[in-house]
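Step one of this worksheet: look at the structure below.
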Amino acid sequence: MTIPNDFLLEMQRRMLRIRYFDERASKMVKRGEIPGTVHTSIGQEAQVVGATMALEEGDYMTGNHRSHGHPIGKGAKLGPLMAELAGKAWGVCQGKGGSMHLADFKVGSLGESGIVGSSIPIATGAALSSKVLGLNKVSLAFFGDGAANQGCLYEAMNLSSVWGLPIVFLCENNQYALSTPSRTVTAGVVAERAHGFEMPGVRVEDGQDVLAVYDAVRAAVDRARAGNGPSLVEVVTYRFNEHSEGLRLAVDYRNAGEKEAWLKRDPVKIFRNHLLEQGVADAATLDALEAEVLAEVEAAVEFANESPDPDPSVAFKDLYTETQGATA
Ligand SMILES: Cc1ncc(C[n+]2csc(CCOP(=O)(O)OP(=O)(O)O)c2C)c(N)n1
Ligand SMILES: [Mg+2]
């Protein structure tokens, strides 16, 4: 598949946005400018952008606790996302969601949740609505290797296969669930579990290569849109930071030298080199792109700082309650 140069540069732009946004969010958490903690996608940018850019603008997706990158990859504005992390009124959820419960409907991001695995059935429901209403929208569920062992994934895969739903199940296999190595709790290969549900299962071995991820997810998205049902795509990647920012674990759960080896496979640097080697852009253009994205992230922080805190009177607004549902 030949991909136009402007699309390739947009891939690099979005990977940079995720990298700089998450680096900045990490600093803000440590300074107390963002409450709680954040989980970054630093190191996983190729997997996030390869998947989100394989979707069309109107398509749906759901995420998890590590999900700032998903709306960014799908083209979301950074300011309202940063304001949401800071719990401010101009945030995508008016500051009520925070880092782990973002939703940005403008880019089809239906929601994210701190309960591991819980957004998978929501993506499946969205795919069902697309099919029933004839919307021709594909739904994509992002989840981790830890969530791959939650039962709700298999309930969702089963019914989506039986009903031929337009959904892609996307396992972000960063090889750890918090401090638990995937190999110690996962039988077999996640992608191969697809076969039990009569759907294709593909494993992208090099999840640091944005084009490899894009090709695999694009095939699954096209298949879903053509009415041929769901797929499971597993992408092998690695998170460069701790599970969450500021977390100090007593155990050193990574193998000796492992992180250092993965740091050499930085997806942002790999793709920069690819763009240079292929003559898509020269170094000055790519340097300018990096400076532009850095400035964009700083502007997002300013937007968050300028935003007021949410007014306590809106605390129960936009919530579904039985009373509201009954009278609606
Ligand atoms: C149902 C549930 N069990 C446990 C937790 C605690 N927890 C939060 S994140 C996490 C690890 C998730 O690992 P994975 O799905 O691989 O995603 P990753 O953090 O690696 O991106 C765990 C166990 C939780 N939030 N929800
Ligand atoms: Mg994981």
Side-chain angles (χ1 to χ4, degrees), residues 15 18-19 21-22 25-26 29 36-52 61-73 85 97-102 109 111-124 140-157 168-191 193 203-208 213 232-255 258-259 262-263 265 267:
M15 286 203 287
I18 296 169
R19 172 68 54 95
F21 182 96
D22 269 351
S26 167
V29 161
T37 186
V38 296
H39 305 73
T40 75
S41 296
I42 295 171
Q44 300 184 204
E45 294 90 345
Q47 164 254 302
V48 175
V49 169
T52 46
M61 62 183 190
T62 61
N64 59 4
H65 52 285
R66 193 179 304 290
S67 276
H68 314 148
H70 299 140
I72 296 175
L85 265 55
S99 161
M100 274 191 274
H101 300 94
L102 296 172
S109 152
E112 301 162 353
S113 168
I115 306 301
V116 169
S118 65
S119 55
I120 300 169
I122 295 171
T124 310
L140 187 147
F142 284 105
F143 57 92
D145 48 286
N149 291 326
Q150 290 285 69
C152 65
L153 171 63
Y154 303 102
E155 297 172 35
M157 285 172 68
V168 178
F169 297 96
L170 196 298
C171 178
E172 308 180 299
N173 186 351
N174 61 10
Q175 304 171 61
Y176 291 93
L178 228 160
S179 54
T180 303
S182 180
R183 64 182 178 281
T184 65
V185 290
T186 303
V189 173
V190 172
R193 297 177 180 182
R203 191 172 205 248
V204 181
E205 297 289 349
D206 188 0
Q208 307 307 86
V213 180
L232 171 64
V233 180
E234 175 188 4
V235 181
V236 181
T237 182
Y238 200 78
R239 72 170 149 70
F240 288 175
N241 283 13
E242 227 352 299
H243 170 74
S244 59
E245 297 309 284
L247 183 69
R248 298 265 175 279
L249 291 169
V251 284
D252 186 6
Y253 57 88
R254 309 207 204 220
N255 293 328
E258 177 191 283
K259 183 172 166 185
W262 275 94
L263 285 173
R265 298 180 56 205

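Numbering of ligands and ligand atoms starts at 1, following listing order. Bear in mind that the values here come from a model prediction, so they are computed numbers and not experimental data. Just so you know, these numbers use all the heavy atoms, side chains as well, and skip hydrogens, waters and symmetry mates.
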Please examine the side chains of [Y] and [X], heavy atoms only from C-beta on, and report whether any two atoms are closer than 4.5 Å.
X      : Y      : value
Arg239 : Trp262 : no
His101 : Ser113 : yes
Val233 : Val204 : yes
Val235 : Leu170 : yes

Hey, can you pull the donor-acceptor pairs under 3.5 Å for the side chains in residues 171-178, sequence neighbours left out?
| residue | atom | partner | partner atom | Å |
| --- | --- | --- | --- | --- |
| Glu172 | OE2 | Gln47 | NE2 | 2.3 |
| Glu172 | OE2 | His70 | NE2 | 2.9 |
| Asn173 | OD1 | Gln175 | N | 2.9 |
| Asn173 | ND2 | Glu234 | OE2 | 2.9 |
| Asn174 | OD1 | Tyr176 | N | 3.3 |
| Asn174 | ND2 | Gln44 | OE1 | 2.9 |
| Gln175 | NE2 | Thr237 | O | 2.8 |
| Tyr176 | OH | Glu258 | OE1 | 3.1 |
| Tyr176 | OH | Glu258 | OE2 | 2.8 |

Query - Pair Ser99, His39: side-chain N/O donor-acceptor within cut-off below 3.5 Å - result: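 No, His39 and Ser99 have no side-chain donor paired with an acceptor closer than 3.5 Å.
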Which N or O atoms of ligand 1 sit under 3.5 Å from a protein N or O, and how far apart is each pair?
| residue | atom | partner | partner atom | Å |
| --- | --- | --- | --- | --- |
| ligand 1 | 15 (O) | Gly146 | N | 3.3 |
| ligand 1 | 15 (O) | Ala147 | N | 3.0 |
| ligand 1 | 16 (O) | Asp145 | N | 3.2 |
| ligand 1 | 16 (O) | Asp145 | OD1 | 3.1 |
| ligand 1 | 16 (O) | Gly146 | N | 2.8 |
| ligand 1 | 16 (O) | Tyr176 | O | 3.2 |
| ligand 1 | 19 (O) | His65 | NE2 | 2.7 |
| ligand 1 | 19 (O) | Arg66 | NH2 | 2.8 |
| ligand 1 | 20 (O) | Asn174 | OD1 | 3.0 |
| ligand 1 | 20 (O) | Asn174 | ND2 | 2.9 |
| ligand 1 | 20 (O) | Tyr176 | O | 2.8 |
| ligand 1 | 21 (O) | Arg66 | NE | 2.8 |
| ligand 1 | 21 (O) | Asn174 | ND2 | 3.4 |
| ligand 1 | 25 (N) | Gly114 | O | 2.8 |
| ligand 1 | 26 (N) | Val116 | N | 3.1 |

Report task. Go through the structure and list residues passing side-chain hydrogen bond (donor to acceptor under 3.5 Å, both in side chains) with Thr186, not counting sequence neighbours. Result -> Asn149, Ser182
Query raised in the report: If you leave out waters, which protein N, O or S atoms are less than 2.8 Å from the Mg ion (ligand 2)?
Result: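 Short answer, with waters excluded from the count: Asp145 OD1, Asn174 OD1, Tyr176 O.
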Query - Minimum heavy-atom distance between Arg19 and Glu45, given as atom pair plus value - result: NE-OE2, 2.6 Å
Query raised in the report: So, Thr124 side chain and Ile120 main chain: donor-acceptor pair closer than 3.5 Å or not?
Result: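 Yes, because the side chain of Thr124 sits within donor-acceptor range (under 3.5 Å) of the backbone of Ile120.
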